[in-house]
Structures are given as structure tokens and as C-alpha cells.
Engineer: 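First the structure, which I've put down as C-alpha cells, then a few questions once you've had a look.
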Amino acid sequence: MSIFSVHEIPWWKKTTVYHIYPRSYKDSSGNGIGDIPGIISKLDYLKDFGIETIWLSPIFSSPQADHGYDVSGYRSIAPEYGSIRDCELLIREIHTREMYIVFDLVLNHTSDQHPWFQESQSSRDNPKRDWYIWHDGQKPMGKKPPNNWKSMLGGSGWHYRDLTDQWYWAQFLPFQPDLNYRNPDVKKEMFDTIRFWLDKGIDGFRLDIINTIFEDEQFRNNPFTWKFFPSDADDSSFFQKKIHTINHPDNFIFVKELRSVLDEYDAPERFLVGEISASVEVLKKYCGDAINKTRTNGLHLTFQFQSLNVPLMAKPIHELICLYEQHLSEPYIPTWVFSNHDQMRRISKLGNDLNKAKLNATLQLTARGVPFIYYGEEVGMSNHRLPLKTAEDPIGQRFSRLPKFLVNLLTRKGSISLNRDDCRTPMQWDPSLNAGFCSEELEPWLPLSLGHHELNVSSEEDNPDSLLNCYKALLRLRKKMPALHSGSISFLNQSLSTQSLLSYQRIHDEQVAQIWLNFSKKPLEIGRIEVSSKLLFSTIVDADSLKDSKLHLEPYQGVVLGLSA
Ligand code: GLC
């Protein structure tokens with residue numbers, strides 16, 4: 001039995017999110033770059049596909065040095081993506097289809113081309129000087145950075161400007177100076193920007209690197225550690241414990257203030273999802289304290305990047321679900337994200353195996369949490385290894401300067417891609433030359449990924465056994481069964497959770513869904529299945545999986561069974 005009625009559970013906990021990288025989705029203007037009218041032309045596809053919420057990577061004015069994550073105007077739209085009118089139309093068209101829209105908000109930094117920064121760097125007494133973080137260099141000459149703080153990407157995060165003989169702080173790339181949130185004018189401006197978009201009907205925001213908003217006010221050095229590579233659970237990296245630059249205690253107060261801005265708005269409730277690489281304990285702190293049985297007072301959701309690299313095996317996935325249930329049980333809720341615009345696509349980590357991708361999708365859409373599907377994941381788009389020397393991605397460009405042996409060393413395991421272009425290739429709509437992303441005479445802004453002649457929407461729509469139809473069936477079932485989006489989760493039998501088999505059940509009121517996932521390359525037979533069980537979904541179409549109270553699972557098969565409590 002559930003302690004909630006399904007109506008008590010907020011919509012953003014039950015939703016499924018689809019992440020669009022606008023530059024790569026659909027070109028309507030004929031310049032080889034995706035745009036807002038292109039996205040509007042695909043809304044019927046998205047509705048029919050079955051997702052409920054659309055998150056767009058930034059479409060604001062930007063010199064595009066980091067493709068929109070370097071904003072030069074927060075209340076205007078980059079002309080290559082469209083106009084403010086196109087944006088308003090997009091919001092209306094999404095709402096008409098009873099879907100939701102989430103924008104990507106980069107609060108931590110702006111572009112160095114933003115008029116605020118241009119003013120700020122012009123003189124020490126400019127009114128915008130204190131909108132960014134400026135500091136004298138180390139004595140006696142001031143020609144050394146103020147302290148040892150490293151940026152997220154390694155190397156000093158301080159950058160010198162001759163004109164005013166001071167250094168500015170940039171947590172990410174040098175052209176992305178950090179805003180100074182200790183200045184109340186900055187905070188007010190950004191909170192008003194949030195209101196500006198909420199007034200236009202935006203249903204929520206994805207908050208870019210929100211764990212880097214504040215730094216130590218006394219500019220103390222970060223302590224030394226032997227750890228070099230950053231990881232999901234610990235942000236220490238590049239031989240530095242980032243205690244003064246990441247997850248600063250003031251961030252946790254800031255997210256609650258942000259939350260109260262969103263709470264000024266009535267139904268439908270708006271939501272915040274934070275991009276934070278941290279342990280689940282820290283992520284929970286960003287969500288704030290429980291205020292009632294369904295809500296907290298911080299961020300509504302955070303990404304758990306722990307899932308990005310979890311092996312497709314029963315034991316680690318079992319452990320991950322246990323970790324989430326231990327720390328993020330109601331009123332908290334985990335998210336399930338396997339791919340995004342910064343990471344190697346999941347299917348490429350699974351050897352581009354479509355059966356494994358279907359199994360992974362079954363996990364993503366049936367475990368307790370909010371699923372985030374990255375555009376093209378539904379048709380099996382793979383990472384496309386593109387040359388570093390022609391990278392569009394500013395991080396790829398940085399790596400292009402490294403000697404080859406170091407690049408090979410860093411990508412050794414194949415699970416890391418140094419060029420984010422690789423996961424941002426154009427969406428694959430049909431088998432034509434440019435996959436229907438733009439017309440055939442044009443050159444898309446990035447080359448298409450391999451396999452687009454077979455792995456595309458129109459080819460897969462007609463094939464009942466395609467990955468696309470597998471996602472569709474799962475999304476349909478999830479919508480129909482409250483147990484799958486709002487139910488509790490428990491393991492059916494702890495001892496069954498070996499390397500090969502994982503099974504859990506989701507229960508809501510009288511409704512029970514049992515999920516059985518075979519992670520091995522061998523078939524499995526499970527006895528003593530409840531007689532009342534019905535096969536509601538299978539990754540293998542028309543499989544005869546339930547016979548004589550036994551469940552037969554083919555290699556990498558996943559099923560959902562329904563039974564009455
Ligand atoms: C986030 C974004 C990434 C961007 C960076 C700087 O990690 O996901 O694409 O480059 O922040 O804004």
C-alpha cells in the first residue's frame with residue numbers, strides 16, 4: 001500500500017524528461033544549425049514518443065564559444081536559434097500538447113563578452129566591477145594568481161587583466177568569468193531573470209554547475225590531496241581538495257533562496273534540477289530539508305551522475321538503487337541519467353549493443369526516480385569519435401594541444417571522450433544523406449554519427465522490434481501504471497540479485513509491477529512466478545516468456561510483469 005494518493009505526488013516527480021541539444025536537433029532555417037522552429041516542428045513526434053517534459057540546453061544570446069553555456073544576454077535568444085517570438089511560440093505549443101518545458105540556466109558565470117563583464121573589466125571603479133570576482137595577485141609584484149585555486153578543468157582558475165592589474169576568477173573556462181553572488185545586485189538581477197522566464201510560462205530550470213556559486217570569502221588556499229582525477233563522489237581533483245571553491249556552505253542557503261523564487265508561482269508547480277557532481281549525501285543537502293511528505297525546501301531534483309558509468313550488471317545496479325533508497329527516499333527522489341551533452345553516450349559504453357540498450361532503458365524507466373533521456377538515445381545514436389584538432393567543443397580544443405600518448409592514456413578505457421562534439425552529432429530523423437536534420441545540400445555543423453542510415457526515427461518507427469518502439473512501449477506503460485512512476489521500490493529476493501539477475505517490484509495501492517532484468521549472455525529460467533502474473537512489457541517482442549508459472553528470460557532480456565497486490 002502506498003501512503004500517497006497519486007494526485008498528492010507532484011507532477012515533476014512523475015514526469016519523464018527529454019534533453020534536447022538545440023544546435024543538433026532540427027535545422028529549419030537552412031544553415032546547418034538546429035533551431036527553435038525546428039524543435040517546434042518535432043513536437044508532435046515528442047508527444048507521440050511519450051515524454052512529458054522537454055529540457056533545452058541554453059538558447060540565450062551567446063558568442064557560442066561553449067555553445068550557449070557562455071551567456072551574453074539572459075533575456076534574449078541567440079539569433080541562430082530564433083527570436084523571442086519563436087521562443088514564446090515554443091512554450092505555447094508545448095503547453096498546448098500538455099507537456100512541460102525546462103530551460104537551462106547558467107547562473108555561475110557569463111561569457112566574457114557579456115556587457116556586464118565588458119564593463120567590469122574596464123576599470124576598478126566601474127559600477128559593474130564588483131559583479132565579478134576580482135582580486136590582486138600575490139605580493140610583491142602581483143603577477144602571480146591570488147591563491148592556489150584550480151578551475152574545474154585543472155590549471156589556475158585565475159586570469160590576469162593588464163588594464164586594471166587584477167585577476168578574475170573563472171571556475172570553468174577562462175572566457176566564462178564567475179559572477180559574484182555576494183553582491184546583492186547580482187543576486188537580484190538573476191532572480192528577476194528567473195521570474196522573467198517563469199512569467200513567460202517556463203516550468204522549471206536545469207541549473208548549470210550550481211555547486212560552484214560561492215567561493216571562500218577570505219580566498220584561503222585549497223588544501224593538498226594526492227587525488228588527481230575528479231570523480232562522482234568526491235570533487236577533489238588536480239591535487240586539490242576543493243573545499244573553498246566547490247560545495248561552499250553558502251551554496252546550500254542559496255538554493256533555498258532560489259527555491260523560494262519558484263515557490264512564488266502557483267500551479268503548475270515549477271521545478272529546479274541541479275547539475276552537481278557529488279556524493280549522494282551532498283546531493284541530498286542541496287535538496288534541502290523535508291517540509292512535508294512529498295516536498296523539500298531546496299532543489300527539487302539533482303542529477304546523480306553515479307549512473308553514468310555504472311556497469312550494466314546486476315550487483316552494481318542493485319547497490320546503486322540501495323544507495324538511492326538509503327539517502328533519497330520520499331520526499332526526496334533520485335534521477336536516472338545515462339547520457340548527456342558532456343558525456344560519452346551510454347550505448348557506446350555498451351558496445352553499441354541494441355539489446356543491452358533496451359535492457360538499460362527498461363531499468364531507466366522502471367526504477368524509482370525521474371528519467372532523463374538524451375536526444376537520440378531512443379534510436380540508439382552512438383558517440384562518434386571526431387578529430388580533436390577540428391573540435392568545435394572548447395574542451396576538445398584544449399585537449400588537441402596534448403601530446404598523442406597522453407590523449408591515448410586519458411581515453412584508455414574508452415569510457416571517456418575528450419571531445420564533447422562526439423555526443424552532440426545531429427539528430428537522426430531518417431535514412432537520407434543528412435539524416436533529415438538539414439537539407440542534403442548543406443553541411444551540418446557537426447558530422448553525422450555512424451549508423452544513421454539504420455538508426456533513425458523513420459526507419460525505426462515501422463519496426464516493432466526497434467529500440468524506439470521499445471522506449472515507446474515503456475513510456476506508455478509508465479504513464480498508465482502509477483506503480484511505475486509513483487510506487488515504492490523493493491527487491492524481490494536479495495539473493496536473486498547476483499551479477500546476472502536483478503528483480504524488483506514497484507507497488508502503488510493495489511497495483512504491483514515486477515521488473516526482471518537478465519544482465520547475462522545466458523538464458524535464465526525463474527520458477528515459482530505468481531500465477532496471476534501478466535506480461536506487460538518485454539524487450540523482446542512477442543516473447544513467450546511466461547509459461548507454467550515460470551519466467552524464461554533470453555540473454556539481456558528485461559520484462560515487466562503485472563499482478564494484483
Ligand atoms: C556544465 C555544462 C557544460 C558546460 C559547463 C560550463 O557542466 O553541462 O556543457 O560546458 O557547465 O557552463
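Small disclaimer: the values here were computed from a predicted structure and weren't measured. Both counts, for ligands and for their atoms, begin at 1 and track the order of listing.
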Engineer: Considering heavy atoms of the protein only, find what lies nearest to atom 6 (C) of ligand 1 and give residue, atom and distance to 0.1 Å.
Structural biologist: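 For atom 6 (C) of ligand 1, the nearest protein heavy atom comes out as Phe172 CD2, 3.4 Å.
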
Engineer: Return the orientation label for the Trp158 and Trp149 ring planes: parallel under 30°, perpendicular over 60°, tilted otherwise.
Structural biologist: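 Geometry flag for Trp149 against Trp158: parallel rings.
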
Engineer: List the residues meeting side chain to side chain contact (heavy atoms under 4.5 Å, CB included) with Pro394, not counting sequence neighbours, and say none if there are none.
Structural biologist: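 For Pro394, the residues satisfying side chain to side chain contact (heavy atoms under 4.5 Å, CB included) (neighbours in sequence not counted) are Asp66, Leu173, Phe175, Gln397, Arg420.
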
Engineer: Please state whether Gln343 comes within less than 4.0 angstrom of ligand 1, counting heavy atoms only.
Structural biologist: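 Under 4.0 Å: no for Gln343.
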
Engineer: Please write down residue, atom name and distance for the protein heavy atom closest to atom 8 (O) of ligand 1.
Structural biologist: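 Atom 8 (O) of ligand 1 sits closest to the protein heavy atom Asp342 OD2, 2.5 Å.
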
Engineer: Which atoms of ligand 1 have any heavy atom of Arg420 under 4.0 Å away?
Structural biologist: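 Matching atoms, with element in brackets: 3 (C), 4 (C), 9 (O), 10 (O).
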
Engineer: Among all protein heavy atoms, pick out the one at the shortest distance from atom 7 (O) of ligand 1; state its residue, atom name and that distance to 0.1 Å.
Structural biologist: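 Its nearest protein heavy-atom neighbour is Glu275 OE2, 2.8 Å.
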
Engineer: Where does Gln171 meet ligand 1, judged by heavy-atom distances below 4.0 Å: at the side chain, the backbone, both, or neither?
Structural biologist: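 No part of Gln171 comes within reach of ligand 1.
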
Engineer: Ion pair present between Asp199 and Arg195, side-chain N to carboxylate O less than 4.0 angstrom?
Structural biologist: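 Here Asp199 does not pair with Arg195 in a salt bridge, since their nearest N and O are not under 4.0 Å apart.
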
Engineer: Looking only at protein heavy atoms, identify the closest one to atom 10 (O) of ligand 1 and say how far it is in Å.
Structural biologist: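 Result: Asp66 OD2, 2.5 Å.
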
Engineer: Where is the nearest protein heavy atom to atom 2 (C) of ligand 1: which residue, which atom, and how far?
Structural biologist: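 Heavy-atom neighbour on the protein nearest atom 2 (C) of ligand 1: Asp208 OD1, 3.0 Å.
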
Engineer: Charged N to carboxylate O below 4.0 Å: is that the case for Lys200 and Glu88?
Structural biologist: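 Yes, charged N to carboxylate O under 4.0 Å.
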
Engineer: One residue to check: Arg424. Relative to ligand 1, which of side chain, backbone, both or neither has a non-hydrogen atom less than 4.0 Å away?
Structural biologist: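 Looking at Arg424 and ligand 1, just side chain atoms fall under 4.0 Å.
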
Engineer: Hey, what's the ring geometry for Tyr168 with His159, parallel, tilted or perpendicular (30° and 60° as the breaks)?
Structural biologist: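 Ring orientation of Tyr168 relative to His159: tilted.
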
Engineer: Are Asp185 and Lys187 within salt-bridge range, i.e. N to O under 4.0 Å?
Structural biologist: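 Lys187 and Asp185: not salt-bridged.
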
Engineer: Just to be sure I read this right, does ligand 1 sit under 4.0 Å from the backbone of Tyr69, its side chain, both, or neither, counting only heavy atoms?
Structural biologist: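 It is both parts that get close, each with some atom under 4.0 Å.
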
Engineer: For Lys144, check salt bridge (Lys or Arg N to Asp or Glu O under 4.0 Å) against everything at least two apart and list the hits.
Structural biologist: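 Lys144 satisfies salt bridge (Lys or Arg N to Asp or Glu O under 4.0 Å) with no other residue.
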
Engineer: Using 30° and 60° as the class limits, which term best fits the ring planes of Trp11 and Tyr100: parallel, tilted or perpendicular?
Structural biologist: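 The rings of Trp11 and Tyr100 lie parallel, inter-plane angle below 30°.
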
Engineer: Check if His67 has a non-hydrogen atom at a distance under 4.0 Å from any atom of ligand 1.
Structural biologist: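 No heavy atom of His67 comes that close to ligand 1.
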
Engineer: Considering only heavy atoms of His109, which atoms of ligand 1 have at least one such atom less than 4.0 Å away?
Structural biologist: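 Per the distance check, 6 (C), 12 (O).
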
